Amino acid sequence: MTEMLLRYFRKKQQQVETEKVYDTQCPFCSMQCKMQLIEQSTVTRKTYKTVGKDNPTSEGRLCIKGLNAHQHAVHQDRIKQPLVKVNGEFVPITWDEAISLIKEKFTAIQTEYGKDALSVYGSATITNEEAYLLGKFARVALGTKYIDYNGRLCMSAAASAAAQTFGMDRGFTNTIQEIPHSRCLILAGTNIAECQPTIMPYFEQAKENGSFIIAIDPRETSTTKMADLHLKVKPGTDAVLANGLLKVIIEENLVDEAFLAEKVKGFEEVKNYVSQLDLKEIADLTGVPLEHIQKAATVFGKEESGMIFTARGIEQQTDGSAAVRNFLNILLVTGKIGKEFSGYGAVTGQGNGQGAREHGQKADQLPGYRSIENDEHRHYIADVWGIDEKDLPRKGVSAFEMIQKIDAGEIKGMFLMCSNPVVSNPSAEFVKQALEKLDFFVAVDMFISESARLADLILPATSYLETPGTMTNVEGRVTLREASFPVRGQARHDWQIICDIAKALGKGEYFSFSTPEEVFNELRVATRGGIADYSGITYDRLREEKGILWPCPDEDHPGTKRLFEHEFAHTDGKAAMVVVPNTPVVKKEKPSEEFPLYLTTGRVMSHYLTGVQTRKSSTLAAREFESYMEIHPSTAEKFHIKDHTLVKIESKRGSIVVRSKLSQTIRKDTVFVPFHWADSQNVNRLVSQKLDPTCRMPGFKVSAVKISPAVNAN
Ligand SMILES: Nc1nc2c(c(=O)[nH]1)N[C@H]1C(S)=C(S)[C@@H](COP(=O)(O)OP(=O)(O)OC[C@H]3O[C@@H](n4cnc5c(=O)[nH]c(N)nc54)[C@H](O)[C@@H]3O)O[C@H]1N2
Ligand SMILES: Nc1nc2c(c(=O)[nH]1)N[C@H]1C(S)=C(S)[C@@H](COP(=O)(O)OP(=O)(O)OC[C@H]3O[C@@H](n4cnc5c(=O)[nH]c(N)nc54)[C@H](O)[C@@H]3O)O[C@H]1N2
Ligand code: SF4
Ligand SMILES: [Mo]
């Protein structure tokens with residue numbers, strides 16, 4: 001081709017270049033950063049770029065995951081039509097065929113084994129509208145009591161602790177804007193720098209303003225590096241550590257007597273319990289030096305304001321709910337709640353980790369944080385749904401317990417929406433074997449995840465670019481995610497899929513929605529008068545006001561910025577302290593001769609949860625392309641492990657092989673493995689089936705393991 005012709009074509013190409021901009025919110029964490037996808041098209045190809053958009057929470061910032069989120073959404077592996085398994089292979093079928101198959105199989109299972117032989121497993125990544133509909137789908141369309149969701153593995157400990165202590169669970173009791181002005185901040189088992197990166201400026205500003213930051217983590221992380229004091233706790237001993245802090249606060253007379261007298265129950269019992277404890281023993285049990293316990297307690301007690309943030313480090317334990325309650329005890333004795341710059345933050349995980357736990361996907365819950373075992377609540381919701389209260393099922397069991405029931409043959413069918421339990425649940429091999437026993441298993445996903453692989457039928461769902469709806473962020477701020485990107489192939493929105501199946505099952509009259517806004521308007525009515533009251537929130541208001549903090553009981557209500565300013569949410573208006581004994585009800589695994597090390601698990605910056613999405617993103621996958629085990633060099637030496645070599649890690653449940661990463665900054669008795677990888681690198685093969693007796697959270701953060709070189713080094 002001549003130079004002239006080439007120039008002609010280039011010019012022609014530039015002429016047809018168009019740019020389209022799509023508003024949305026990041027599909028990943030609870031910050032729900034607002035963003036825009038910019039699509040540039042030439043005749044030959046389309047290119048994409050994501051940029052941040054201003055909003056009150058992340059103020060336009062994005063982290064590396066958000067910047068590259070579109071890479072999985074536009075990935076060629078997205079499933080574009082329903083797939084049915086025939087002789088072990090997935091083959092495409094039409095939607096009509098898929099829906100008829102569901103009708104046939106679900107009906108057959110329920111006819112033979114009863115209504116409760118079907119189960120629904122949901123997610124906190126779907127919108128409020130979808131979470132609400134999924135709860136209604138289980139109870140009204142299927143009539144089963146078995147529904148729970150992945151948030152059980154995530155927010156259940158913090159949620160149950162806040163509900164028991166304060167009478168209400170909203171992640172942050174204060175707005176995010178108060179953080180920079182708080183004088184002392186405790187970060188207990190939270191790695192915000194890697195897990196909610198765009199929140200960091202609030203904490204950095206606090207530090208600049210002279211706030212004292214205390215981090216509690218067995219490892220040094222980008223978050224603990226920011227702290228003035230790092231308590232390098234032995235995994236699983238946070239409840240004991242909190243007892244130590246309480247003891248010092250009480251003995252140093254740093255308690256807020258007036259606040260306790262007016263607003264709190266149970267202080268005397270806690271005081272009596274901790275008075276018998278020995279601080280040296282606590283230092284021993286937790287591995288935190290006595291001076292550090294004293295320093296942390298006195299600074300927090302003396303400063304005029306303070307906040308405590310907890311996340312999965314202290315919560316994903318078989319005593320997670322009790323551990324959180326003990327940290328809330330600290331807030332109560334010091335009177336640091338319900339005031340300016342003082343409060344609690346359960347750092348929510350998934351994008352809709354807050355909203356999805358409010359609208360009825362939980363085994364025991366109805367919309368608006370109502371209880372499925374409360375007669376008045378049952379009547380109200382049955383009325384909104386137009387059904388007979390007697391037909392509303394009672395409470396079911398938690399996510400992992402549903403899997404145990406599948407294993408036991410009690411549950412025969414599962415409808416899985418937006419989760420990958422084979423990778424995310426404890427004792428992964430057990431979970432896989434259980435799901436293989438299902439008579440009929442439907443997975444709704446964007447990809448053929450490790451769990452979808454086991455399904456009989458996969459339904460293609462749309463992504464965050466394509467589905468609009470509301471998401472309630474880390475603060476408890478309800479936000480409207482706009483989304484108008486063209487749908488890929490024949491994918492359908494999760495809410496549409498739910499309605500389509502309900503219709504086929506003869507329940508169409510309860511699911512006749514044609515937009516998410518219509519679903520939201522029903523949700524508003526269903527939440528009216530409940531704890532999580534959304535009734536004053538409208539799509540128009542969300543657009544105008546850029547998000548509203550619930551509760552918002554009427555359209556003139558501005559939303560609630562700070563909780564508990566006047567009283568707590570229990571009927572007597574008081575908060576409830578509770579004694580948390582040093583010895584938990586469920587015994588935790590401890591290192592032994594055979595399994596001499598603690599294993600703890602968590603996350604890295606560039607990957608998200610089970611990695612189905614981020615492993616598809618070339619930029620993110622390149623940053624961390626395989627799993628690893630973080631280990632102290634002296635421990636590595638003891639077990640003959642060299643840096644960057646393959647290591648076998650074994651627990652009583654199973655084994656995995658990952659690469660070693662030597663680090664001076666982790667405790668010598670502990671190794672850390674992230675959980676973003678599957679199959680032979682799936683760390684959940686090692687985790688036990690034990691659950692927190694209160695909230696049914698698995699103990700992801702403590703296992704006893706042994707390690708050895710996977711290949712004999714020469
Ligand atoms: N990059 C990234 N960001 C995410 C996610 C992701 O997968 N990747 N997931 C999102 C979701 S759903 C969630 S729930 C959040 C999770 O956010 P986090 O809870 O902050 O994340 P984790 O890494 O699971 O755990 C936090 C810290 O707890 C520490 N830890 C482990 N055991 C213990 C212990 O016994 N005691 C104490 N005090 N600390 C301990 C770990 O070393 C880790 O640094 O992140 C959200 N954001
Ligand atoms: N060892 C260990 N295990 C853990 C944890 C830990 O810290 N350690 N953390 C736990 C926590 S906090 C969590 S939240 C869980 C998460 O566990 P999972 O819920 O299993 O994790 P995800 O990777 O988010 O799975 C979501 C699936 O839904 C798909 N998907 C994404 N968006 C959509 C959508 O809009 N619609 C539909 N239909 N599908 C979609 C994705 O492709 C993916 O396959 O893991 C838990 N497991
Ligand atoms: S992962 Fe979280 S912090 Fe990062 S861009 Fe997405 S929402 Fe924001
Ligand atoms: Mo989570």
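The structure presented is a predicted model; accordingly, all values stated were derived computationally and were not measured. Both counts, for ligands and for their atoms, begin at 1 and track the order of listing.
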Check your understanding: Which of the atoms in ligand 2, numbered in the order shown and given with their element, are less than 4.0 Å from a heavy-atom of A461?
Key -> 36 (N), 37 (C), 38 (N)

Review point. Heavy-atom contacts under 4.0 Å between E194 and ligand 1: side chain, backbone, both, or neither?
Key: backbone

Check your understanding: Where's the contact between T600 and ligand 1, heavy-atom distance under 4.0 Å: side chain, backbone, both or neither?
Key -> side chain

**Study point:** Atom indices of ligand 2, in the order listed, that fall short of 4.0 Å to a heavy atom of D494
**Key:** 34 (C), 35 (O), 36 (N), 37 (C), 38 (N)

Review point. Among protein heavy atoms, which sits nearest to atom 34 (C) of ligand 1, and what does the distance come to when rounded to 0.1 Å?
Key: G313 O, 3.2 Å

Practice item. Please work out which of the three classes, parallel, tilted or perpendicular, describes the rings of F137 and F415, given edges at 30° and 60°. Key: tilted

Practice item. Write out the residue and atom name of the closest protein heavy atom to atom 19 (O) of ligand 1, then the distance separating them to 0.1 Å. Key: R312 N, 2.9 Å

Point to revise | Q350, portion touching ligand 1 at heavy-atom distance under 4.0 Å | key: both

Check your understanding: Can a salt bridge be assigned to the pair D169 and R357 using a cut-off of 4.0 Å between side-chain N and carboxylate O?
Key -> yes

Practice item. Would you mind running through ligand 2 and noting each atom that sits below 4.0 Å from a heavy atom of V612? Key: 42 (O), 43 (C), 44 (O)

Review point. Which protein atoms of type N, O or S are found under 2.8 Å from atom 4 (Fe) of ligand 3?
Key: C63 SG

**Study point:** Mode of C195 contact toward ligand 1 - side chain, backbone, both, neither (heavy atoms, under 4.0 Å)
**Key:** both

Check your understanding: Which of the numbered atoms in ligand 2 are below 4.0 angstrom from a heavy atom of T601?
Key -> 1 (N), 2 (C), 6 (C), 8 (N)

Exercise for review: Can you establish whether the number of heavy atoms outside K80 located under 6.0 Å from its atom NZ is more than 12?
Suggested key: yes

Practice item. Classify the ring geometry between F400 and F430 as parallel (under 30°), tilted (30 to 60°) or perpendicular (over 60°). Key: tilted

Review point. Can you find a side-chain donor-acceptor pair between N68 and Y48 that sits under 3.5 Å?
Key: no

Exercise for review: Would you kindly check if the NZ (Lys) or CZ (Arg) of K616 is within the cone defined by 45 degrees around the ring axis of F447 and under 6.0 Å from the six-membered ring centre?
Suggested key: yes

Practice item. Give the atoms of ligand 1, by number and element, whose distance to some non-hydrogen atom of G189 is under 4.0 Å. Key: 19 (O), 26 (C), 27 (C), 28 (O), 37 (C), 38 (N), 39 (N)

Review point. Do we see a donor-acceptor contact under 3.5 Å between the side chains of S688 and E589?
Key: no

Point to revise | D500/R492 salt bridge by N-O under 4.0 Å criterion | key: yes

Point to revise | ligand 2 to D445 polar contact by distance, N or O atoms, under 3.5 Å | key: yes

Point to revise | Short side-chain donor-acceptor distance under 3.5 Å, N684 and N425 | key: no

**Study point:** Test: E315 and R312 ion pair at under 4.0 Å
**Key:** yes

Exercise for review: Check ligand 1 against V233 and write out every atom of the ligand that is under 4.0 Å from a heavy-atom position of the residue.
Suggested key: 36 (N), 37 (C), 38 (N)

Exercise for review: Would you mind telling me if ligand 3 is within reach of the side chain of Q32, the backbone, both or neither, using heavy atoms under 4.0 Å?
Suggested key: backbone

Review point. Given I666, V347, D217, T224, which has its nearest heavy atom closest to atom 41 (C) of ligand 1?
Key: D217

**Study point:** Within-cut-off N or O pair, G236 and ligand 1, under 3.5 Å
**Key:** yes

Check your understanding: What part of N191 sits under 4.0 Å from ligand 1 if we count only heavy atoms: the side chain, the backbone, both or neither?
Key -> both

Check your understanding: Would you call V604 a ligand 1 contact, heavy-atom distance under 4.0 Å?
Key -> yes

Point to revise | Carboxylate-amine/guanidinium contact E59 K34, below 4.0 Å | key: no

Check your understanding: Does ligand 1 have an atom under 4.0 Å from some heavy atom of E315?
Key -> no

Practice item. Could you tell me which atoms of ligand 2, counted from 1 in the order shown, lie closer than 4.0 angstrom to a heavy atom of N420? Key: 18 (P), 19 (O), 20 (O), 25 (O)

Check your understanding: Where's the contact between D238 and ligand 1, heavy-atom distance under 4.0 Å: side chain, backbone, both or neither?
Key -> side chain

Check your understanding: Does R603 have a non-hydrogen atom less than 4.0 Å from ligand 2?
Key -> yes

Exercise for review: If you have a sec, work out which protein heavy atom is nearest atom 2 (C) of ligand 1 and how many Å separate them, to one decimal?
Suggested key: H607 O, 3.3 Å

Exercise for review: Could you establish whether Q317 and ligand 1 come within less than 4.0 Å of each other, counting only heavy atoms on the residue side?
Suggested key: yes

